[in-house]
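None of the values given here were measured: they were computed from a predicted structure. We name chains A, B, ... by the order of the sequence lines, and we start the count at 1 in each one.
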There are 2 protein chains.
Amino acid sequence: MADPVRRQILELLLRGGPRPAGDVAERFAISRPAVSRHLRVLRRSGLVRDELVGRQRLYTLDPGPFEELVAWLGPFVRPSGWEHRLDALETEVYRTRRERRTRGDAGQGVTGQESTA
Amino acid sequence: MADPVRRQILELLLRGGPRPAGDVAERFAISRPAVSRHLRVLRRSGLVRDELVGRQRLYTLDPGPFEELVAWLGPFVRPSGWEHRLDALETEVYRTRRERRTRGDAGQGVTGQESTA
DNA sequence: AGGAAGCGTAACCTGTAGGTTACGCTTCCT
DNA sequence: AGGAAGCGTAACCTACAGGTTACGCTTCCT
């Protein structure tokens with residue numbers, strides 16, 4: 001995930017939702033096999049899942065590893081301003097979610113803009 | 001930050017607080033200059049700050065870049081389970097913080113275990 | 001003053017990440 | 001059936017990340 005191309009792929013998948021490999025590849029200046037290998041790395045890292053539909057392979061984001069990373073980063077961002085005891089963040093989030101739900105909140109959807117690339 | 005050694009250095013700095021370079025170096029099997037360069041990378045990435053005290057150089061974590069990273073990761077971890085509208089996470093956190101403070105909660109500190117390295 | 005302590009940098013070597021071209025396998029179309 | 005579309009993989013090449021040893025500069029001690 002350190003690689004800039006890989007990050008762009010992830011961002012693309014985030015904005016545009018599931019995309020077939022070729023669709024991803026043609027967005028980059030590098031060759032298609034190169035992108036293909038990047039996708040393989042992402043696959044093996046568990047950051048994306050692939051689903052074969054017909055003769056094309058759709059790639060989707062998998063939030064799992066991202067959550068792990070955020071969890072790892074947590075302690076590093078906390079100690080500064082906050083008072084070292086926000087480990088209950090996730091539970092708080094869940095509480096918030098429940099509250100929102102009961103208040104009846106409309107979902108917004110992920111598929112949004114498609115601008116700067 | 002992709003490098004495992006670098007991550008270990010960061011974890012060490014997290015657990016043990018500011019440390020001189022040599023103190024960091026002797027925790028690793030690799031040579032001291034190697035660690036020194038890792039520290040330079042971390043310095044240039046802004047992940048750590050250095051302060052010269054006497055003839056030794058103390059390294060400290062800088063939360064800034066970590067926050068950026070978490071911010072970048074945010075959109076990736078949200079879309080799955082939650083209903084796409086947790087952008088108010090930070091404000092929630094602050095609210096939580098206020099609540100905790102008024103309830104009078106003892107801080108725990110960061111310095112904890114010192115085991116597996 | 002002068003040696004030791006504490007670090008950083010330079011020069012060098014090697015493994016590997018990431019690019020390219022060539023090739024092979026399915027799946028769809030007519 | 002057979003060609004085109006859509007992808008992945010293999011083989012190969014090159015640049016760079018990360019390790020080591022050698023060296024130089026301050027700062028402390030006696």
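The backbone N or O of P20(A) sits nowhere less than 3.5 Å from a side-chain atom of R57(A) that would complete a donor-acceptor pair. At least one donor-acceptor pair under 3.5 Å links the side chain of S45(B) to the backbone N or O of V41(B).
At the heavy-atom level, Y59(B) lies under 4.0 Å from the strands shown only through sugar-phosphate atoms.
Here dT27(C) presents its P atom at 15 Å from CD of E51(A), a figure rounded to the nearest Å. The CG atom of D3(A) sits 8 Å away from the C1' atom of dG18(C) (whole-angstrom rounding). For I30(B) and dT20(D), the CD1 to P distance is 6 Å, given to the nearest whole Å. Look at CG on L58(A): it is 16 Å from C1' on dT26(C), rounded to the nearest Å. Going from atom CZ of R6(A) over to atom C1' of dA17(C) covers 8 Å, rounded to whole Å.
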Scan nucleotides 4-6 of chain D against the protein and return all N/O pairs shorter than 3.5 Å with their distances rounded to 0.1 Å.
| from | atom 1 | to | atom 2 | distance (Å) |
| --- | --- | --- | --- | --- |
| dA5(D) | O4' | R55(A) | NH1 | 2.8 |
| dA5(D) | N3 | R55(A) | NH1 | 3.2 |

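Inter-residue side-chain proximity for V5(B) and I30(B) is flagged as met; some heavy-atom pair is nearer than 4.5 Å. Residues H38(B) and R6(B) are in side-chain contact: their nearest non-hydrogen atoms beyond the backbone lie under 4.5 Å apart.
One hydrophobic cluster holds both F28(A) and L13(A) under the rule that ILVMFWY side chains link at heavy-atom gaps under 4.5 Å. Tracing side-chain contacts under 4.5 Å through hydrophobic residues (I, L, V, M, F, W, Y), one never reaches F76(B) starting from L58(A); they form parts of separate clusters.
Side-chain contact check for E11(B) and W72(A): at least one donor-acceptor pair (N or O, by modelled atom type) lies under 3.5 Å.
Across all strands shown, dT16(C) is found opposite dA15(D) as a Watson-Crick or G-U wobble partner, with both distances under 3.5 Å. For dT27(D), the paired base is dA4(C) (Watson-Crick or G-U wobble, both distances below 3.5 Å). Pairing of dA10(D), defined by two Watson-Crick or G-U wobble distances under 3.5 Å, is identified with dT21(C).
Put simply, CG on D50(B) and CG on L52(B) are 6.0 Å apart, with the number rounded to the nearest 0.5 Å. How far CZ of R49(A) is from OG1 of T60(A): 9.0 Å, rounded to the nearest 0.5 Å.
Sorted by residue number, the members of residues 31-43 of chain B with any non-hydrogen atom under 4.0 Å from DNA chain D read S31(B), P33(B), A34(B), R37(B), H38(B).
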